[in-house]
Amino acid sequence: MAAEARPRLTVLSGPSGVGKSTVVAHMRKVHPEVWLSVSATTRKPRPGERHGVQYFFVTDEEFDKLIANGELLEWAEFAGNRYGTPRRAVLDRLEAGEPVLLEIDLQGARQVKESMPDSRLVFLAPPSWEELVRRLTGRGTESPEVIERRLAVARTELAAESEFDTTLVNTSVEDVARELLALMAVV
Ligand SMILES: Nc1nc2c(ncn2[C@@H]2O[C@H](COP(=O)(O)OP(=O)(O)O)[C@@H](O)[C@H]2O)c(=O)[nH]1
Ligand SMILES: Nc1ncnc2c1ncn2[C@@H]1O[C@H](COP(=O)(O)OP(=O)(O)O)[C@@H](O)[C@H]1O
């Protein structure tokens with residue numbers, strides 16, 4: 001079988017507030033069959049977030065156990081909380097021949113590229129720095145301190161864009177979702 005015919009792992013990364021969740025939500029509205037890995041995190045749920053939907057919300061002790069038992073494909077600390085991708089579900093989907101999407105941070109993207117070199121890393125970039133600040137602030141889910149911390153991380157993330165296979169600029173949610181689906185060979 002040609003390498004191109006094999007389903008690949010697609011990783012979507014980009015700074016906090018750039019619109020990753022919005023793009024993924026739109027993609028799944030149009031193509032509900034697209035499977036997105038649900039990560040484990042020690043972060044507290046935002047209003048409206050549910051266990052097992054946006055994340056598996058776990059304690060620090062539970063997260064330690066996931067690491068110790070080798071249950072995470074990758075994990076990272078981001079702005080004071082830990083996040084990780086449950087390994088089994090991802091491997092099951094890939095073995096079944098289904099495309100897989102991970103929405104994870106830069107450190108996680110690097111780990112995935114290392115352990116699964118044929119994965120495709122997609123960087124979601126903001127149209128401008130000012131627009132990123134506007135979106136992160138406008139979302140209204142984080143305190144000014146947390147926003148500052150995330151913007152500091154964002155500078156590092158924006159500087160790493162060249163490590164990615166593809167960059168998509170999030171000007172239009174619909175356009176980016178379409179481009180991502182095409183990259184994943186869903187359409
Ligand atoms: N390495 C890694 N990063 C993750 C994982 N899940 C989420 N993230 C990233 O953690 C960062 C913070 O996520 P979150 O607290 O939901 O904030 P948001 O991206 O601003 O909505 C984002 O960059 C996510 O992509 C994961 O399983 N592993
Ligand atoms: N293309 C876009 N144009 C304008 N606003 C957007 C766009 N994409 C996302 N947003 C808004 O930006 C904010 C952050 O988006 P979100 O999906 O939560 O980002 P992330 O998951 O990357 O942290 C949200 O309020 C969202 O509605």
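Remember, it's 1-based here, ligands and their atoms both numbered in the order they're listed.
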Close-contact set for ligand 1 against [X] heavy atoms, below 4.0 Å:
X	result
A76	1 (N)
R43	14 (P), 15 (O), 16 (O)
Y55	6 (N), 7 (C), 13 (O), 14 (P), 16 (O)
G108	1 (N)
S16	18 (P), 20 (O)
G84	26 (C), 27 (O), 28 (N)

Does the side chain of [X] reach to within under 4.5 Å of the side chain of [Y], using non-hydrogen atoms?
X	Y	answer
L181	M27	yes
R139	S16	yes
T166	L183	yes
S119	K113	yes
M116	L91	yes
E157	V18	no
L106	S13	no
V30	H26	yes

- [ ] Would you mind telling me if ligand 1 is within reach of the side chain of R82, the backbone, both or neither, using heavy atoms under 4.0 Å?
- [x]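 Neither part.
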TODO: Determine whether the side chain, the backbone, both or neither of F78 has a heavy atom under 4.0 Å from any heavy atom of ligand 1.
DONE: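 It is the side chain that touches ligand 1; the backbone stays farther off.
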Does [X] have a heavy atom less than 4.0 Å from any atom of ligand 1?
X	answer
E74	yes
Q111	no
E142	no
Q54	no

Task: Minimum-distance protein heavy atom relative to atom 3 (N) of ligand 1 - done: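 The protein heavy atom lying closest is D105 N, 3.0 Å.
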TODO: List the closest protein heavy-atom neighbour of atom 27 (O) of ligand 1: residue, atom name, distance to the nearest 0.1 Å.
DONE: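 Residue, atom and distance for the closest contact: S39 OG, 2.6 Å.
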Would you check the N or O atoms of [X], main chain and side chain alike, for any that come under 3.5 Å of an N or O of ligand 1?
X	result
Q107	no
A40	no
E157	no

Task: For atom 5 (C) of ligand 1, the option (of W75, F56, Y83) bearing the nearest heavy atom - done: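 Checking each option, the heavy atom nearest atom 5 (C) of ligand 1 is found in Y83.
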Task: Selection from E77, E49, K20 by shortest heavy-atom distance to atom 19 (O) of ligand 1 - done: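 The option holding the nearest heavy atom is K20.
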Open item on the list: Students often mix this up, so state it plainly: with edges at 30° and 60°, are the rings of H51 and F57 parallel, tilted or perpendicular?
Closed with: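 Because their plane-to-plane angle lies in the 30° to 60° range, the rings of H51 and F57 count as tilted.
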Task: R50 atom CZ, neighbour heavy-atom count above 12 within 6.0 Å - done: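 No.
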Open item on the list: Can you tell me if E114 has over 12 outside heavy atoms packed within less than 6.0 Å of its CD?
Closed with: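 At most 12 heavy atoms, drawn from other residues, nucleotides or ligands, come within 6.0 Å of this atom.
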With no hydrogens and no angle check, is any side-chain donor or acceptor of [X] less than 3.5 Å from a backbone partner on [Y]?
X	Y	answer
Q111	W75	yes
R87	G70	yes
R82	D60	yes

- [ ] Using the ring pair (Phe, Tyr, Trp, His ring centres under 6.0 Å) rule, collect all pairs that involve residues 99-149, keeping only residues at least two apart or in two chains.
- [x]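 Qualifying pairs, neighbours excluded: F123-F164.
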Expected rows: ligand 2 N/O, protein N/O, dist below 3.5 Å:
{"residue": "ligand 2", "atom": "1 (N)", "partner": "N170", "partner atom": "OD1", "Å": "3.0"}
{"residue": "ligand 2", "atom": "1 (N)", "partner": "T171", "partner atom": "O", "Å": "3.1"}
{"residue": "ligand 2", "atom": "3 (N)", "partner": "R135", "partner atom": "NH2", "Å": "3.2"}
{"residue": "ligand 2", "atom": "8 (N)", "partner": "N170", "partner atom": "ND2", "Å": "3.1"}
{"residue": "ligand 2", "atom": "17 (O)", "partner": "S21", "partner atom": "N", "Å": "3.3"}
{"residue": "ligand 2", "atom": "17 (O)", "partner": "T22", "partner atom": "N", "Å": "2.8"}
{"residue": "ligand 2", "atom": "17 (O)", "partner": "T22", "partner atom": "OG1", "Å": "2.5"}
{"residue": "ligand 2", "atom": "18 (O)", "partner": "R139", "partner atom": "NH1", "Å": "2.8"}
{"residue": "ligand 2", "atom": "19 (O)", "partner": "G19", "partner atom": "N", "Å": "3.1"}
{"residue": "ligand 2", "atom": "21 (O)", "partner": "S21", "partner atom": "N", "Å": "2.9"}
{"residue": "ligand 2", "atom": "21 (O)", "partner": "S21", "partner atom": "OG", "Å": "2.7"}
{"residue": "ligand 2", "atom": "22 (O)", "partner": "V18", "partner atom": "N", "Å": "3.4"}
{"residue": "ligand 2", "atom": "22 (O)", "partner": "G19", "partner atom": "N", "Å": "3.0"}
{"residue": "ligand 2", "atom": "22 (O)", "partner": "K20", "partner atom": "N", "Å": "2.8"}
{"residue": "ligand 2", "atom": "22 (O)", "partner": "K20", "partner atom": "NZ", "Å": "2.8"}
{"residue": "ligand 2", "atom": "23 (O)", "partner": "G17", "partner atom": "N", "Å": "2.8"}
{"residue": "ligand 2", "atom": "23 (O)", "partner": "R139", "partner atom": "NH1", "Å": "2.9"}

